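Since the structure comes first, as structure tokens, the remarks are kept for the end.
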Amino acid sequence: MDYKKTLNLPVTKFPMKASLVKREPEQLAEWEESCLYDKIRTESKGRKTFILHDGPPYANGNIHIGTALNKILKDIIIRSKQMSGFNAVYVPGWDCHGLPIEHNVDKEVGLKKKEISHGEFRRLCRSYAEKYIDIQREEFKRLGVMGEWGNPYLTMNYEYEAIIARECGKFALQGGLFRSKKPIYWCCSCKTALAEAEIEYKDESSPSIFVKFALKDNLGLEIPVLADKKVFVVIWTTTPWTIPANLAVALHPDFVYAAVDTGEGEVFILARDLVEGCMKSFGLSDFSILAEIEAGTLEGKQCFHPLYNRESLIVLGSHVTLEAGTGCVHIAPGHGQEDYEAGLLYGLDVYSPVDDRGCFTDEVEFFNGQFVFKADREIVARLRESGGLIKEETIKHSYPHCWRCKKPVIFRATPQWFIPMDSTGLRKKALEEIDKVNWIPRWGRDRIYGMIENRPDWCVSRQRAWGVPIAILYCDKCGEIYINQEVIDHVYALFKEHGADIWFKKDAKELLPNDAVCGKCGNDTFIKETDILDVWFDSGVSHAAVLEQRPDLKWPADLYLEGSDQHRGWFHSSLLTAVGTRGAAPYKSVLTHGFVVDAKGKKMSKSIGNVIAPKKIINQYGAEILRLWVSASDYKDDIRISDNILKQLSDAYKKIRNTCKFMLSNLYDFDPEKDTVLYKSMPDIDRFALHRLQKLIERTTKAYDQFEFHTIYHALYNYCTLDLSAFYLDILKDRLYTSPPKSAERRSAQTVMHIMIDTVSKVMAPILSFTAEEIWIYMPERKDKETSIHLTSLPVVNEELKDEELAKKWELLLKVRGEVTKALEQARTSKLIGHSLDALVTISANKDLYNDLHPYTEDLKSIFIVSQVSLIKEESLAGAYESNDIEGLSILIEPATGEKCERCWVHDTSVGTSPQHPTICKRCEENIKGLRY
RNA sequence: GGGCCUGUAGCUCAGUUCGGCUAGAGCGCACGCCUGAUAAGCGUGAGGUCGAUGGUUCAAUUCCAUCCAGGCCCA
């Protein structure tokens, strides 16, 4: 007869093949249809909130792998907090203003730009942003990220724009906003400011001149040998036109300088290491070094300007190099970034006597009205005439050009708006706040602290079209800002109703109360600022525009989570705007992750061609594998991704899936409400399995708490492979298949598996959200089973299922089992056995070990999955395997006695003894009694 | 060039808090078993001078210095 029909073999429709690429979109549609997100919200009303505040991605282009990493990490956290008893509302956002969009719209519009109004251009930018928000929204949803996709926050929403203006107004109101000159890239042909991103570098021929600045101060006191000598500091520049704006000469604080007698009655000061080369190129061969001078000695000394009757100060600056020139750098604070910074340190004027066409203003003697590049030649001539020029040549070098008209650009100082770091105490307070925040990983604190500590005043103005205007009016006579609460409220109301566009449509008068009078000079006409705000200000006030505005959110947020570049970006601007207006950081914790790099640890870039798009992974493996990748990686460091890594994760996924499938397939006839077996009635191994499960819960609970997801991945995966697949479930097969279906021992195993699958699926739910749900659907029905796993809670440790003493015993058994498998493998290699059930195992143990094993004598064969085990005390066994790891243990493997039972495959001497069932063993004969077959 | 960070088997991660037994796990790989989880399951085995060099020490993967490689942010 066919005894196979008397077995309880696994049955399930849960597919082995995940078909994630096909199934995930279907699952998403089902969640959408059943309004799962709303259900979660409703069910968790009144719970304590956990708010992860989303850092808004830029609404341009498709998402890349780093964005996917970021959003999936957030989703894992949101889901795990939600399942830990919190109400974790997630409102995603987008950063909508800014140059890249403006730039792209510019390109799309092309030559028509001149025909388009400012308002129309802004409208195009808005719709461009909308388009990419829709694209990215779908991409994020496809990753399985759950949130308020129907109601995200956008920095271009009218209300958001109104709040940006209001927050900026708050800074102004408390004296935290001022206007000052700063050099920026300027195109003289387009008469416009340019951003770094709008600059193209091209080779250009420029004059290269060496100029000597006569020292005004006598160095004779410090360096006697120079007393009564004609001493000059020698500089080198490739922009002669900036000489009229020269205010200083910079030396490097760490360089040694030399005073060189030229042999022609003069002394030149230049960097010691460059003396040889320079003097040679000046054609001065008869020189001698008179003295070596520390840069510090010269700091603060005055020189004469080579053209005008004024001084030029010697300053120190670490931007000075020995790569070219003389080691002494000409400083024009109005015409260079580093010059500007050096100037700030020494309190120099940001002198920039050049108009918007690039022509010298009237205050520039000799060259007024001349276009700067054309003036180069005349300036050189003038220098030669005055004796300041040492040498002139022409060099080719890379020079910045305008992306639009391709002409060379200049650095030119224009009025900009700044948020001061020190005059209002912003820096000090921000530094204090940094130490109240929990930075994960810890070094994030040092990173942002250093940045805040050293940063200059925040320049918040941009001369662009697509953004929120600095909604400030200032006196057209004295420049004083006209600001009060009434103005702020008025602008806020206007923006909220019409968007920021209204600012450009109304003139200054309409934006102010009728009786507005300058508080400083009494004048009643005002200028409307049309510069827009730095977009970092936009996103930086999201705490005000989102956390404070939405009733289901809160201020401060529990967590901000972004890549480590955001210490300079969003964490930074959020901190400054919050501290500046509310006196506190807008976040309690800040978590940062690294960047996605390729298999070799190199960054991804289009030019190297090592970019992996999330879309490709989703279409090949499914979003679930991407989510597993995020969880498996230690995000604190850079995260590698490669086909090999994805393949490995895909294999791991299959293993987890199959393990769950196996448990489900053995629960087909299990009704948890009727068939559950009490813990105390369970066999030891079942109770040990439950103990191990509690350990898994302990570990994963702690890991979720500490955002250590890769620990969860490893714990879960190792649990599935080691605890379950290779141990418990493997041993369980015999019991599950051969025992009577309703027998206590089989029900006990099913009870355990039911708890296991329930636990494991919940533990994986925040990470493998699709698969956990799929498992949930296939789990046995019961009265209060939730409709979705995402409505349930993470498992908590049940202390009653823990038994350390029992565990200790079983850990020893496990160790012995490991030795037995080694012995079995040897026997297999020598063709003594094939399957382990072919074996009879004799265990010889020393006294202690024997006493430990003895209580389990009857269980050993099932634990080892062999047919027979005999346990003996301290006898030497000829040809036995001697354990290396366990003292006093030797194991002898022999072929099992008796025939192989056709039904349970165990070898037993009882096979053949029954007349009715001659091919099966006694145990099986008992087990099929009463069964219908 | 500066600030912050990383470098343990082919891969993903443990371990080193205050330095100390043959540095662990899983996967992958190789070989074998099974065919009642089957495009599955089980077992065994081989893989690492813990980025390199120097120093401190009785002893360093662990501490210090330098260097190399890589990342983020500045310049």
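Order of the sequence lines fixes the chain letters, A, B, ..., with proteins taken first and strands second; residue numbering starts at 1 for each chain. Since the structure is predicted, the reported quantities are computational estimates derived from the model, not experimental observations.
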Original post:
For every nucleotide of nucleotides 69-75 of chain B, 5' to 3': is a protein heavy atom under 4.0 Å from its base (B), only from its sugar-phosphate (S), or from neither (-)?
Top reply: -SSBSSS
**OP:** If B/G43 has a Watson-Crick or G-U wobble mate with both distances under 3.5 Å, name it; if not, just say none.
**Re:** B/C31
Original post:
How about A/Gln706: does its CD atom have over 12 heavy atoms from other parts shown lying under 6.0 Å from it?
Top reply: yes
**OP:** May I ask you to decide whether A/Lys702 forms a salt bridge with A/Glu708, counting only side-chain N to carboxylate O separations under 4.0 Å?
**Re:** no
Subject >> Any N/O donor-acceptor pair, A/Thr12 side-chain to B/A37 base, under 3.5 Å >> reply: no
Original post:
Would you say the ring centroid of A/Trp810 lies under 6.0 angstrom from that of A/Tyr728?
Top reply: no
**OP:** Would you indicate whether A/Glu925, at its atom CD, is surrounded by more than 12 heavy atoms from other residues, nucleotides or ligands within a distance under 6.0 Å?
**Re:** yes
Original post:
Are side-chain N/O atoms of A/Asp534 and A/Trp458 paired as donor and acceptor at under 3.5 Å?
Top reply: yes
Original post:
Applying a 3.5 Å limit to both distances, which nucleotide forms a Watson-Crick or G-U wobble pair with B/A69?
Top reply: B/U6
Subject >> Donor-acceptor pair under 3.5 Å, A/Lys17 side chain vs B/A39 base >> reply: no
Considering only nitrogen or oxygen atoms on both sides, find all protein atoms under 3.5 Å from nucleotides 27-35 of chain B and state each distance.
{"from": "B/C33", "atom 1": "O2'", "to": "A/Gly834", "atom 2": "O", "distance (Å)": "2.9"}

**OP:** Return no unless some side-chain N or O of A/Tyr737 is found under 4.0 Å from OP1 or OP2 of B/A37.
**Re:** yes
Original post:
Looking for any heavy atom pair under 4.0 Å, which part of the strands does A/Arg903 touch: base, sugar-phosphate only, or nothing?
Top reply: base
Subject >> Counterpart base for B/U56, defined by Watson-Crick or G-U wobble contacts under 3.5 Å >> reply: none
**OP:** Tell me what A/Leu7 touches on the nucleic acid: a base, only sugar-phosphate, or nothing, going by heavy atoms under 4.0 Å.
**Re:** base
Subject >> Under 3.5 Å on both distances, the Watson-Crick or G-U partner of B/G24 >> reply: B/C13
Original post:
Taking atom types as modelled and ignoring hydrogens, do the side chains of A/Arg657 and A/Thr771 form a donor-acceptor contact shorter than 3.5 angstrom?
Top reply: no
**OP:** Determine whether the aromatic ring centres of A/Trp570 and A/Tyr560 lie less than 6.0 Å apart.
**Re:** yes
Original post:
When you check the side-chain N and O atoms of A/Tyr340 and A/His335, is any donor under 3.5 Å from an acceptor?
Top reply: no
**OP:** State whether A/Asp634 and A/Arg640 are salt-bridged, where the test is any N-O pair (Lys NZ or Arg NE/NH1/NH2 against Asp/Glu carboxylate O) under 4.0 Å.
**Re:** no
Original post:
B/G26, B/G36, B/C11: which one has an atom nearest the side-chain heavy atoms of A/Leu9?
Top reply: B/G36
Original post:
Does A/Lys654 put a side-chain nitrogen or oxygen below 4.0 Å from OP1 or OP2 of B/A37?
Top reply: no
